[in-house]
Structure formats: structure tokens, C-alpha cells
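The structure under discussion appears below in the form of C-alpha cells.
In this text the structure is predicted, and so the values were computed from the model without any measurement. Letters go in sequence order (proteins before strands), and every chain restarts at 1.
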Protein chains: 2
Amino acid sequence: MTEPNGKPWTMQQIADAAGVSVTTVSHTISGKRPVSPQTAQRIKGLIDEFGYVPDAGARRLQSGRSRMIGLAVPDISNWFFGRIARGVEEMANELDYGLIVCSTANSDPRREQRYFNMIRTRLIDGLIYTAGRQMPQTNELQKVAASAPVVLADEGIDSFASIPWVTSANLDGARQLARHVRELGHTRAVVIAGFAGLNSTIERVAGIRESFPNALVLYGDFDIDAGYDSIDDLLANDVSFTAVFGGNDLIAVGAIKRLREQGLTVPADVTVVGFDDIDIASVITPGLTTVRQDASGLGRNSARLLIEGLEAGSFEAVASVVLPVELIVRGTSAAPPTA
Amino acid sequence: MTEPNGKPWTMQQIADAAGVSVTTVSHTISGKRPVSPQTAQRIKGLIDEFGYVPDAGARRLQSGRSRMIGLAVPDISNWFFGRIARGVEEMANELDYGLIVCSTANSDPRREQRYFNMIRTRLIDGLIYTAGRQMPQTNELQKVAASAPVVLADEGIDSFASIPWVTSANLDGARQLARHVRELGHTRAVVIAGFAGLNSTIERVAGIRESFPNALVLYGDFDIDAGYDSIDDLLANDVSFTAVFGGNDLIAVGAIKRLREQGLTVPADVTVVGFDDIDIASVITPGLTTVRQDASGLGRNSARLLIEGLEAGSFEAVASVVLPVELIVRGTSAAPPTA
DNA sequence: GAAAGCGCGCAAAGCGTTTTGCAATCGTCG
DNA sequence: CGACGATTGCAAAACGCTTTGCGCGCTTTC
């Protein structure tokens with residue numbers, strides 16, 4: 001069919017063309033009541049021919065459900081969150097849900113409120129939330145969670161058992177990583193940890209401290225600059241160390257960059273390790289020793305949990321998920337200088 | 001106010017609480033007709049107190065506009081597209097529009113159709129489209145563009161003057177880059193170009209050929225593997241070259257990796273340059289010589305164009321935009337070996 | 001052969017907004 | 001002092017869809 005008169009086709013028009021009522025068309029589409037084969041055939045033909053697509057708003061208004069979920073991430077241009085988004089997107093697609101991605105610009109409260117409101121405007125049926133700088137005004141989050149399903153991805157939160165979450169085995173990963181560094185012979189390590197308030201940070205630091213109880217811990221941002229600047233601080237204060245644990249790979253990369261500029265060699269002089277295994281990690285020379293998180297899996301599982309709960313109409317039976325991680329040893333870790 | 005009975009508040013409930021009709025409430029919110037200060041005050045108070053948010057679907061159903069735009073990108077976990085998304089998101093936010101990001105998984109047609117349908121379901125008022133592998137079934141795109149506003153970001157398309165676009169000055173960037181390499185003394189260069197069908201690829205190759213008319217051009221993917229594998233092919237066939245132009249930075253990075261593994265030094269033996277200036281470019285050692293695109297600006301301008309057209313109700317006056325680029329010289333380009 | 005079942009289609013009632021067309025109240029002016 | 005704008009509030013009609021309650025005609029069953 002050619003285009004309508006500028007406006008999209010309505011179900012009524014399809015019904016008219018087929019010589020039936022809208023009810024019949026609706027039931028043909030939804031299958032909620034039997035329709036005679038010939039009629040169904042004819043209607044489907046018309047729908048294809050016209051290129052008819054039901055109005056999402058009207059549908060939702062009536063049915064109460066939009067088959068859309070939201071994903072809030074601190075920064076969509078960050079590879080790690082991008083990967084999570086991709087996982088969510090894939091799973092949502094498989095389960096026939098649409099996705100709205102929201103970048104909260106590192107927990108800018110105004111933005112965040114805006115996205116929380118999306119739930120309340122009934123634009124989306126549920127939300128997957130990944131914490132940025134810190135777990136937000138938890139009361140805000142909890143309020144939202146009270147009115148609609150929320151799943152936490154990447155960052156757990158203990159205080160509200162009612163909100164299911166999906167995280168990586170941060171403690172285990174950090175433990176393995178630290179053990180690896182310890183076994184290389186290092187005894188003096190520093191940790192450039194990232195945001196202090198996050199659960200994952202706490203777990204990672206704890207895991208490292210099992211092998212390096214006295215490691216100096218610096219908190220800060222989760223980006224390249226944080227790694228870069230922290231090295232400056234450490235050197236300026238004559239801190240002596242042979243190993244650096246980055247709170248994530250970006251921090252590690254920043255640290256490496258600065259160490260090199262200061263004339264130190266990685267890993268001959270200093271071992272540097274990260275966390276996440278982002279794409280950069282395998283590309284730099286030498287490759288970064290790190291712990292691989294299944295970012296895509298975090299996304300996929302979060303989406304699965306959320307949609308399962310949505311379909312079940314309750315989150316009673318929904319259990320949180322912890323994904324395994326994997327130690328990836330590359331070239332930035334080696335025995336400490338024998339001097 | 002405490003939560004409603006599980007369901008969100010309706011405008012009617014606010015009206016009842018305020019002792020007025022829904023009309024008055026609606027007008028208080030929209031400001032489309034005067035409301036007495038006291039009444040307005042009271043209603044606004046109630047709205048805040050209740051935490052009332054209008055139902056987006058109902059609103060759209062009535063008004064015909066959703067104040068939402070869509071962004072279709074090939075792969076959201078790609079830094080470059082993530083950056084574009086961020087730009088779009090920022091501008092949309094400034095103009096008080098919501099954003100739905102759609103990852104089309106490298107132009108998977110099924111996915112793409114799904115997102116095109118979003119426009120037709122009236123979920124979004126317009127679409128920003130960034131091409132992946134190739135410009136899609138242009139008729140499909142054109143069909144969509146006929147029923148709702150579309151702006152092309154990053155990739156222009158000449159054939160349809162009706163669709164405005166925002167791109168970088170690819171030709172100019174490539175020209176500058178090639179001239180730089182030429183001036184270093186190189187005479188034998190190869191181009192690992194990326195997808196052949198894209199406008200940007202064509203322009204970049206053209207720009208390079210101005211300085212290297214006989215450069216061998218290899219087409220392929222836009223990722224690290226493409227750069228990596230192409231180097232293998234080149235070496236296996238005894239192609240002699242002292243400079244490699246990557247179609248983008250990922251290709252360049254892959255090429256560098258493989259060259260190193262083959263015992264060649266960058267830039268002493270081979271000069272390698274990229275395009276885009278993604279975050280990795282400045283982090284690897286040595287830094288990658290490349291052309292900086294304003295990815296965020298691509299996003300911002302696309303959103304501006306789209307929303308301006310939306311508000312104006314027409315795209316007659318909307319002009320396409322070409323953003324300037326900047327040559328960034330770092331460490332991977334140097335004079336060819338004197339041997 | 002009449003009663004009961006069943007398959008299939010229709011009319012109509014919402015869903016929560018926005019947006020008319022009116023009506024009521026008030027102040028003001030001739 | 002009556003009438004006429006200006007102000008402000010109300011009732012009601014869409015918007016496009018889903019879903020319920022009916023009813024029609026046909027097949028079964030005793």
C-alpha cells in the first residue's frame with residue numbers, strides 16, 4: 001500500500017479494509033481469541049500490505065505494559081558500560097523487549113531523576129541500574145524500586161534485599177590477582193582503587209589485602225587520569241613500591257603511562273595490574289595483566305532477571321547472580337627488581 | 001504523600017485532591033491557559049507532594065508527539081559510537097528531549113527493522129541514524145524518512161537530498177594526514193581502509209591518494225582484527241611499504257600489533273597512522289598519529305538538527321553540517337628508514 | 001426435531017491525557 | 001445600575017488500542 005495520508009494507519013482502517021471490526025483485527029494480532037483462518041489470512045495480508053504497526057502508546061495505555069525496559073549507566077562511552085549495554089540489548093531483544101539506554105553522566109542527580117521518572121511515566125516497565133560514582137540517594141532508588149521492578153547490574157547493594165543484583169566475583173578476582181602478584185615475589189604494593197563508596201571497590205581492596213595487608217590504598221576516580229595523577233603523588237612522597245593494583249584497567253593504563261614518563265619500566269621496575277579486561281588491555285604493549293569480567297554477561301543476566309520478574313509479576317523468586325571472573329596474566333606483571 | 005495503591009497517581013486524583021477539574025490541572029502544567037495564582041500554587045504543591053508524573057503514553061496519544069528521539073548505532077560498545085551517543089544525549093537533554101539508543105549490531109536487518117518500527121509505533125518523533133557496515137537498504141531508510149524525520153550522523157548519503165546529515169571533513173582530514181606522511185619522506189604506502197561502501201571510506205581514500213596516487217587499498221572491516229590480518233596478507237605477498245594508513249584507529253592499532261609481532265618497529269621501520277583519535281590512540285606507546293574527529297560534536301549537531309526540524313515541523317530550512325577535523329601528530333609517524 | 005454447545009464476530013467501555021466550547025463569576029464602565 | 005469583557009473553571013470529546021459481554025448461526029446430542 002502506498003503511504004497513508006501522512007498519518008500512520010490505524011487499526012480501524014485495517015478493519016475497514018478487511019470488512020471486519022477492530023476487535024477481530026486485534027485478536028488476529030494478539031491471538032488471544034481464535035479467528036477463522038481465512039479472515040486471519042486476509043487481515044495479515046492487509047497488515048503487511050499497508051505496513052501497519054500498532055501505536056505503542058495506545059497499546060500501553062490500555063494494557064498497562066510497554067514491553068520496554070530501561071538501562072541507566074554512568075557513561076555510555078565507557079567501553080565497560082557499553083559492553084554491559086550490549087549484553088542487555090541482546091537479551092532484551094531475544095525476549096522481545098525494547099531497550100532505552102540512559103546515560104546518567106556519573107550520577108548527575110538531575111539526569112538521574114529524569115530517568116527514574118521514565119519509570120513513573122510508565123514509559124518503561126522496569127529498570128536496570130548501574131551505579132556510577134556511588135550508590136545514589138538510596139532512598140530515591142528504593143522509592144523507584146517500590147513502584148516498579150529494578151535490577152542492579154555490576155554493583156550490588158546489601159541494604160535492600162528486595163532489589164536483586166548481578167555482579168562479578170570481585171573478591172575472588174582480586175584475591176587471585178593479588179596472589180599472583182605475591183607469588184612473583186612482590187611485597188610492597190599500592191592500590192589505586194577508584195571510588196571508595198562502591199561495593200566492588202570494597203571487595204577488590206579486601207581481596208588484595210589478603211595478600212598485601214599493609215598495602216597503601218588511594219581512592220579516587222575510575223579513569224585514566226586518576227591512575228596517572230596518583231603515580232605522581234606516590235613518587236612525590238617517596239612511597240616505595242614494586243607493584244600497583246589499579247581499581248580498573250583505565251587506572252592501570254594511566255599509571256603505566258606516568259611511570260614510563262618518569263623513566264620507570266613496566267614490568268621490569270614496577271608491576272602494574274588492572275581489573276575488567278577492557279579492549280585496551282590486550283592491545284597495549286606489553287599486554288595488561290588483569291581480571292576479566294564478563295561485562296556482556298552482566299548485562300545479559302540483568303536483563304534476564306528483570307524480564308523474568310516482570311513476566312512473573314513478582315521478584316520473590318528472583319535470585320541475585322554472581323558471575324565468575326578469570327585471571328588474565330599478560331606482560332605487565334613480573335618479578336620485582338632483584339636490587 | 002505516601003505511595004498510591006500500587007498504581008501511579010492520575011491527573012484526576014490530583015484534581016480531586018485540589019478540588020478542581022483535570023482541565024485546570026492540565027493547564028497548570030502546560031501553561032496553555034491562565035490559572036489563578038492560588039489555584040496554581042495549590043495544584044503544584046499537590047503534584048510535588050504526590051510525586052505525580054503524567055503518563056507518557058496517554059500524553060503522546062493525545063498530543064501526537066512523544067518528545068523522544070531515537071539513535072541507531074551499529075555497536076554501542078564501540079568507543080566512537082559511544083561518544084556520538086553521549087553527544088546526542090547531552091543535546092537532547094538540553095533541549096528537553098528523551099533519547100532511545102538502539103544498537104543495530106552492525107546493521108543486522110532484523111534489528112534495524114525493529115528500530116525503524118519504533119518510529120512507526122510513534123514511540124519516537126525522529127531518528128538519528130549512523131550507518132554501520134553500509135548504508136542500508138536505502139529504500140527502507142527512505143521509507144522511514146518519509147514518515148518521520150531522520151538525520152544521518154557520521155555518514156552522509158548523497159542520493160537523498162531530503163535527509164540532512166552531519167559528518168566530519170573526511171576528505172580534508174585524509175588529505176592533511178597523507179601530506180604529513182608524504183612530507184616525512186614516504187613514497188610507498190598502503191591503505192587498510194574499512195568498508196568499501198561508505199562515503200567516509202571513499203573520501204578518506206581519495207584524500208590519501210592525492211599524495212599517494214598508487215597506494216594499495218585493502219578493504220575490510222573497521223576493527224582491530226582487520227588491521228592485524230591485513231598486515232599478514234601484505235607481508236605474505238612481499239608488498240613493500242613504509243607507511244600504513246588505517247581506515248580508523250582500531251585498524252591502525254591492529255596493524256601495529258601485528259607489525260611488532262613480525263619484528264618490525266613502529267615508527268622506525270614502518271609509519272602507521274589512523275583516523276578518529278579514539279581514547280586508545282593517546283594511551284598506547286608510542287602515541288598514534290591520527291586525525292581527530294569531534295565525535296561528540298557529531299552527536300550534538302545531529303540532535304540539534306533533528307530537534308530543530310521537529311519543532312519547526314519541517315526540514316526545509318535544515319542544512320547539513322560538516323565538522324572540521326584536526327591532524328594529531330604523535331609518535332607512530334616518522335621518516336622512513338634510510339636504507 | 002428441539003435443546004444445548006461452540007466458534008467467531010460485533011459493539012462498547014474504558015486507559016489517562018489534551019483540548020475544545022461553554023458557563024459562571026467578577027470588576028468596570030457608560 | 002445594567003451590561004460587557006476578562007478570568008477561570010467545568011464537562012465532554014477525542015487519541016488508538018485491548019478486552020469484555022453478547023449474540024448469531026452452525027454443529028452436536030439424546
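- Look at CD1 on B:Ile14: it is 13 Å from P on C:dG16, rounded to the nearest Å.
- Rounded to an integer number of Å, the gap from CD1 of A:Ile43 to P of C:dC8 is 13 Å.
- If you check D:dT18, C:dT17, D:dG16 against the side chain of A:Thr10, the one that comes closest is D:dG16.
- Both B:Ala58 and B:Lys32 sit near DNA chain C, but only B:Ala58 has its closest nucleotide nearer the 5' end.
- By the 6.0 Å contact criterion, CD on A:Gln41 is open, its count of non-hydrogen atoms from other residues, nucleotides or ligands being 12 or less.
- Distances shorter than 4.0 Å separate none of the side-chain N or O atoms of A:Tyr52 from OP1 or OP2 on D:dG16.
- A 4.5 Å side-chain heavy-atom check between B:Ile69 and B:Val88 finds at least one atom pair inside the cut-off.
- Legend: salt bridge (charged side-chain N to carboxylate O under 4.0 Å, His left out) pairs involving residues 54-64 of chain B, not counting sequence neighbours, sorted by first then second residue: A:Asp55-B:Arg60, A:Arg60-B:Asp55.
- Each of B:Leu298, B:Val101, B:Leu71, B:Val73 was compared with B:Phe81 under the side-chain contact (heavy atoms from CB on, under 4.5 Å) criterion, and only B:Val73 meets it.
- Between the A:Thr130 side chain and the A:Ala153 main chain, no donor and acceptor come within less than 3.5 Å of each other.
- Atom P of nucleotide D:dG16 and atom CZ of B:Arg120 are separated by 15 Å, given to the nearest angstrom.
- Of the listed residues (B:Leu152, B:Leu310, B:Val151), just one forms a side-chain contact (heavy atoms from CB on, under 4.5 Å) with B:Leu305, and that residue is B:Val151.
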_Return a single string for nucleotides 23-28 of chain D, one symbol per nucleotide in 5' to 3' order, where B is base contact, S is sugar-phosphate-only contact and - is none, cutoff 4.0 angstrom on heavy atoms._
------

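- Rounded to whole angstrom, the span from the CZ atom of A:Arg122 across to the C1' atom of C:dT17 amounts to 15 Å.
- Between the CG atom of A:Asp55 and the P atom of C:dC15 there is a distance of 18 Å, rounded to whole Å.
- Atoms CZ (B:Arg65) and C1' (C:dT18) sit 14 Å apart, rounded to a whole Å.
- Whole-Å rounding puts the B:Met11 CE to C:dC15 P distance at 16 Å.
- Under a 4.0 Å N-O distance rule, the pair A:Glu311/A:Arg65 qualifies as a salt bridge.
- Between A:Leu99 and A:Met68, the shortest heavy-atom distance links the atoms N-SD, 4.2 Å.
- Rounded to an integer number of Å, the gap from CZ of B:Arg60 to C1' of D:dA14 is 14 Å.
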_At under 4.0 Å between heavy atoms, how does the protein contact nucleotides 8-13 of chain D? Give one character per nucleotide, 5' to 3', with B, S or -._
SBBBB-

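- For B:Arg59, a side-chain nitrogen or oxygen approaches OP1 or OP2 of C:dT18 to under 4.0 Å.
- Listed here is the closest heavy atom pair of B:Gly126 and B:Leu306: C-CD2, 3.8 Å.
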